[in-house]
4 protein chains.
Amino acid sequence: MTTKDLILSTAKEMIAEVGFHKTTTANLAKRANISEGTIYRHFESKEDILLQILRDLEEAYSRFIVQCRETTDGGYGTIEKVLASHLGFVRENEADIKIVLSTYGILDAAKKSMASLVYRMESFFEDCLRKAKDKGVVYDVVPERQTALVMVTLLFGLMRLKLYWPEIEDLSEVATEFCRRSVVK
Amino acid sequence: MTTKDLILSTAKEMIAEVGFHKTTTANLAKRANISEGTIYRHFESKEDILLQILRDLEEAYSRFIVQCRETTDGGYGTIEKVLASHLGFVRENEADIKIVLSTYGILDAAKKSMASLVYRMESFFEDCLRKAKDKGVVYDVVPERQTALVMVTLLFGLMRLKLYWPEIEDLSEVATEFCRRSVVK
Amino acid sequence: MTTKDLILSTAKEMIAEVGFHKTTTANLAKRANISEGTIYRHFESKEDILLQILRDLEEAYSRFIVQCRETTDGGYGTIEKVLASHLGFVRENEADIKIVLSTYGILDAAKKSMASLVYRMESFFEDCLRKAKDKGVVYDVVPERQTALVMVTLLFGLMRLKLYWPEIEDLSEVATEFCRRSVVK
Amino acid sequence: MTTKDLILSTAKEMIAEVGFHKTTTANLAKRANISEGTIYRHFESKEDILLQILRDLEEAYSRFIVQCRETTDGGYGTIEKVLASHLGFVRENEADIKIVLSTYGILDAAKKSMASLVYRMESFFEDCLRKAKDKGVVYDVVPERQTALVMVTLLFGLMRLKLYWPEIEDLSEVATEFCRRSVVK
DNA sequence: AATGAATGAGGTTTCATTCAT
DNA sequence: CATGAATGAAACCTCATTCAT
């Protein structure tokens, strides 16, 4: 692993664990077993590290969504599959997601990242709903765009629940069923 | 207005605007037109101000929920009314809610406040669903407790959307409809 | 008790207990059940309170020494009696003495008070030794002034021991005997 | 000299001169020609600097006492030699000793240091007295332990005199003679 | 006389960032 | 590339003192 990646992955862990503010360059350097100065060889500032993490997450989501689109046709089970795969994405990118969720309120760059994620997720959900509507799987009365946004909203809520209150029982199935009843004939 | 209230309301504005960390005692004092020392005559620490704000919100929600319970019978329209009134509560307590949402990830006390809010909201929603089920308004297949939690989750998601992306069109109605379709016969 | 005396006696307790620096005007006011402003009606400054305490101690010692002189004739038992009565004085003015001892290193005024106490005690001891020498009770070889100072030094050391390490066994008798053997034939 | 040592020695000077409280980190930094932040690269807190100084003194005394024990046999002249060498130790560790003496009333850690010094000095004096008694040099009637403590007490008193009132004539010889007469046959 | 809120200077400490090696 | 000591601005907080009531 290159030094840059080491810094990046260590920072990811720490920010997810204790937050951006409590992740100091001193602690980061100590945990990564490098010197504080080295951080500034690879990143312009502490914020720059965060930006990189956010960019990486955006890319990861891009790759994920491409894969998703390939396997969604709008038939029965689409909604369920999409929600399930997204919950899987969260599970596999826990730290990164916790980071966006915890920084978009305090950092403009993070807010943009979050907006981008929301936008793409919403677009994808919208497409799914539209396809499903065309196939007669989803109620005609459902407004695709806004409903997609509602679902994205719910999804991010579930992510938070998982990340901040892991002791609460898993709601994946109930939430999926909740959505299914709402939109699927 | 007493000095304590002045500090409290100024802090509320600032924390909601720029977050807890960027709200420094120096800035707070300057904006409230008092000296930094004065803050510490009325509060033990900067964190203490936040705690007070959180306590106030909890109380406000308590009062709100009492009122809510009185006007909910579980008949047709209950779900809609409950969601609407909660969205109204958010509108009238914007700053406070933004503060809990933005601090529960970095402060244990805030996390407890948030947990308490979630718990009480969920309990209330659960009761509503149960009553409505008894009256034959809600599907028998809906699991009250978990569904209540799903709705709370969605509601908090909508709050965030409103607070952080006020430019996005209002989803209240669509979201209400989304829930209604999912649970009401 | 007048307010001034209340402040004085409360300050005495607190300074003896926790030291001059940790005795803040806020705490003092709280413990004396008065307001902070009231302190400044009766004293010019926090230091002024200390000065008053020191002056009181000087006066108390003056009165004590007058009484002492009356009952000392330089005969056998003089040294023992003088040491015993001084140890008694300490017992009855514990707080005040702890205060001088703990402040003369940090405050010029206190240093002067201490110097005055030392000077008068030394003078008195010197007189005693001289009288006793005249009566043939004390060795001719003992230099009165310096020996008096040595004894004063020892006495203050014993005071400290008593005040700061009260758990250590009482050395009064052994110390008295130590001095007696050194100067009495 | 390393920066750490520079801080240490500057702090030593200042604390001995003006006391621990009046030695502020700002002044310390200015006098040592470093920035305030630098202090905290080498010490955890202001108190930590004091602790280091105290530890150093304890070590210095340890080394000194080892040397002392080697050259004490309990024969005639032992008492005189021991007192003389201790007075020499004070002369060479003036600042450090002033620091313990001026802080043990306000800082628990310093009190422990002081207690440790007193304990070791007393033990050593006790041994000397015992040896000297065995050799018939010291009166049988002298209780070793308590007498040792009395002598330690006197010694610390002399130190204070030297450190706080250097203008007073040196009492070393008179005090030594005072002790000799009291214990040596 | 008494109050107690307000002050503001100054204390300790933190931390992102720089720079000589 | 890497180091880590040094920096200094700025954070939070304390406290003796003042002053309008």
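Letters A, B, ... are given to chains in the order of the sequence lines, protein chains preceding strands, and every chain is numbered from 1.
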Take the protein atom CD of D:Glu36 and the nucleotide atom P of E:dT14, then report the distance between them rounded to whole Å. 12 Å
Scanning all shown strands, the Watson-Crick or wobble mate of E:dA9 with both distances under 3.5 Å is F:dT14
A:Thr38 side chain near F:dT3 phosphate (N/O to OP1/OP2, under 4.0 Å): yes
Please tell me whether A:Tyr104 and B:Trp165 form a close aromatic pair, meaning their ring centres lie under 6.0 Å apart. yes
Starting at CD1 of D:Ile34 and ending at P of E:dT18, how long is that distance when rounded to a whole Å? 21 Å
Can you measure C:Phe43 atom CZ to E:dA1 atom P for me and round it to whole angstrom units? 12 Å
Distance in angstrom units between B:Met1 CE and E:dA5 P, rounded: 17 Å
Give the rounded distance in Å between these two atoms: CG of A:Leu50 and P of E:dA16. 13 Å
If you take all heavy atoms of B:Tyr40 and B:Thr25, which pair is closest and at what distance? OH-CG2, 3.3 Å
Determine the minimum heavy-atom distance between D:Ala32 and D:Leu6, stating which atoms define it. O-CD2, 3.4 Å
Regarding C:Ser116 and C:Ser113, is there a side-chain donor-to-acceptor distance under 3.5 Å anywhere? no
Can you tell me the distance, in whole Å, between the CG atom of A:Asn27 and the P atom of E:dC15? 8 Å
Under 4.0 Å from OP1 or OP2 of F:dA2: is there any side-chain N or O of A:Thr3 that close? yes
Between D:Arg41 and B:His21, name the one whose nearest nucleotide on DNA chain F is closer to the 5' end. D:Arg41
Between C:Ile39 and D:Ala26, which is nearer to the 5' end of DNA chain E once each is assigned its nearest nucleotide? C:Ile39
Between A:Ser35 and F:dG4, does any side-chain N or O lie under 4.0 Å from OP1 or OP2? no
Decide yes or no for C:Met114 and D:Tyr164: does some side-chain heavy atom of the first lie under 4.5 Å from some side-chain heavy atom of the second? no
Base-pairing assignment for F:dA5 (Watson-Crick or G-U wobble, both under 3.5 Å): E:dT18
Whole-Å distance between F:dA11 P and B:Lys22 NZ? 12 Å
Report yes if at least one side-chain N or O of A:Ser45 is closer than 4.0 Å to OP1 or OP2 of E:dA16; otherwise report no. no
Establish, with yes or no, whether the OP1 or OP2 oxygen of E:dG11 is under 4.0 angstrom from a side-chain nitrogen or oxygen of D:Thr25. no
B:Tyr40 or D:His42, whichever maps to the more 5' nucleotide of DNA chain F: D:His42
Quick one: A:Phe20 CZ to E:dT14 P, roughly how many Å, whole number? 19 Å
